[in-house]
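Please read the structure below before turning to the comments.
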Amino acid sequence: NPTGRDEMSRSVVERIRRIPGVTMATLSGNGPVDYGVIQGEFLAEDRPVPATEAKAIMPARWVGPDFFAVTGLALVAGRTFSADTGQAELVIDAATARRVWGTLDVVGKRVRYERTGGWRTIVGVTADLRGFNDGFENAPNLYEREYSGETGHTILVRVADPTVLRDVSRAVRETHPAIRIRSAAM
């Protein structure tokens with residue numbers, strides 16, 4: 001039941017945020033080093049469309065509004081998603097902005113993944129995240145807004161002291177014992 005899962009996940013995040021020593025927590029479709037893929041073309045509205053279709057597999061992360069703040073992934077232009085962000089908004093990495101447009105001044109530009117697909121507006125540009133997308137060196141690094149029920153849920157937590165993670169684990173276990181917990185430091 002996606003609705004029940006969404007409600008449970010949100011309640012766990014709210015409970016975690018109240019734990020002393022937790023500085024931030026958010027719900028996301030992916031963790032900072034995890035990604036899914038989008039198969040398609042990266043077609044910029046203001047660039048010529050190649051004569052032949054050239055679909056590729058592009059790394060993508062479906063993220064919550066606080067993903068960038070919690071993970072510490074800096075924005076170099078624009079903004080992140082908000083709670084009411086539409087599905088047609090996109091954040092890309094600086095390498096993609098430089099490769100496609102030759103500049104980081106790309107906020108407001110539009111792209112799509114299919115020749116007849118809907119347009120997405122770039123609202124932000126992140127610093128380059130290297131070493132996590134091996135095999136995708138020249139592919140766009142995409143951040144899409146996660147929507148309820150569409151992807152798996154990952155709870156990202158930033159703490160002032162790593163010992164607080166015991167309290168976080170306890171809060172998760174008390175809410176739902178079957179939730180898998182994994183820890184990674186960035």
Side-chain angles (χ1 to χ4, degrees), residues 1-7 9-10 26-156:
N1 177 350
T3 302
R5 183 186 70 190
D6 292 345
E7 289 172 14
S9 297
R10 280 192 289 277
T26 191
L27 192 60
S28 186
N30 297 95
V33 297
D34 298 328
Y35 58 87
V37 295
I38 293 175
Q39 184 174 358
E41 296 180 279
F42 189 81
L43 303 169
E45 183 177 40
D46 60 350
R47 295 290 181 254
V49 175
T52 58
E53 189 175 60
K55 288 190 175 186
I57 295 176
M58 302 173 281
R61 290 172 177 84
W62 287 267
V63 302
D66 297 326
F67 173 88
F68 301 99
V70 173
T71 61
L73 183 56
L75 281 179
V76 295
R79 63 174 173 80
T80 64
F81 304 117
S82 64
D84 61 346
T85 291
Q87 214 169 0
E89 292 186 350
L90 177 69
V91 173
I92 64 172
D93 67 332
T96 300
R98 285 189 298 269
R99 187 171 44 259
V100 176
W101 290 278
T103 180
L104 297 179
D105 187 20
V106 299
V107 172
K109 295 197 179 285
R110 297 188 330 156
V111 301
R112 61 183 173 190
Y113 308 137
E114 301 286 336
R115 291 172 183 245
T116 58
W119 292 103
R120 287 171 166 74
T121 302
I122 297 170
V123 297
V125 180
T126 67
D128 292 330
L129 184 63
R130 296 291 163 231
F132 296 111
N133 296 332
D134 293 343
F136 294 106
E137 286 78 13
N138 293 315
N141 200 354
L142 311 171
Y143 297 88
E144 297 258 348
R145 174 70 167 94
E146 184 208 10
Y147 285 88
S148 297
E150 287 190 3
T151 61
H153 287 162
T154 300
I155 299 171
L156 304 176

Original post:
Can you check whether Ala139's main-chain N or O pairs, donor with acceptor, with Arg99's side chain at less than 3.5 Å?
Top reply: yes
Subject >> Donor-acceptor pair, side chain of Asp66 and main chain of Ala69, under 3.5 angstrom >> reply: no
**OP:** Start with the C-alpha distance between Phe67 and Leu156, add both sets of side-chain angles, then the distance that settles side-chain contact (heavy atoms from CB on, under 4.5 Å), and finish with yes or no.
**Re:** CA-CA 8 Å; Phe67 173 88; Leu156 304 176; 3.4 Å; yes
Subject >> Set of residues satisfying side-chain contact (heavy atoms from CB on, under 4.5 Å) with respect to Arg115, sequence neighbours excluded >> reply: Glu41, Leu43, Val49, Pro50, Glu53
Which heavy-atom pair separates [X] from [Y] by the least distance, and what is that distance?
X      : Y      : value
Arg145 : Trp62  : O-CD1, 4.2 Å
Asp93  : Thr126 : CA-OG1, 3.4 Å
Phe42  : Met58  : CB-SD, 4.0 Å
Ala44  : Trp119 : C-CZ3, 4.3 Å

Subject >> Listed partners of Tyr113 passing ring pair (Phe, Tyr, Trp, His ring centres under 6.0 Å), at least two apart >> reply: none
Original post:
Is there a side-chain contact (heavy atoms from CB on, under 4.5 Å) between Arg61 and Leu73 once you walk through the steps?
Top reply: CA-CA 13 Å; Arg61 290 172 177 84; Leu73 183 56; over 6 Å; no
Original post:
Do the non-hydrogen side-chain atoms of Val91 and Leu75 ever get within less than 4.5 Å of each other?
Top reply: yes
Subject >> Within-4.5 Å side-chain heavy-atom neighbours: Ile92 and Leu142 >> reply: yes
Original post:
What residues form a salt bridge (Lys or Arg N to Asp or Glu O under 4.0 Å) with Arg120, not counting sequence neighbours?
Top reply: Glu144
Indicate every side-chain donor-acceptor pair of residues 101-108 with a distance under 3.5 Å to a residue at least two apart or in another chain.
residue	atom	partner	partner atom	Å
Trp101	NE1	Asp46	OD1	2.9
Trp101	NE1	Asp46	OD2	3.3
Thr103	OG1	Asp105	N	3.1

**OP:** Can you sort out the partners of Arg47 under side chain to side chain donor-acceptor pair (under 3.5 Å), two or more places apart, ordered by chain and number?
**Re:** none
**OP:** Could you go through the side-chain contact (heavy atoms from CB on, under 4.5 Å) check for Phe68 and Val63 one step at a time?
**Re:** CA-CA 9 Å; Phe68 301 99; Val63 302; 4.2 Å; yes
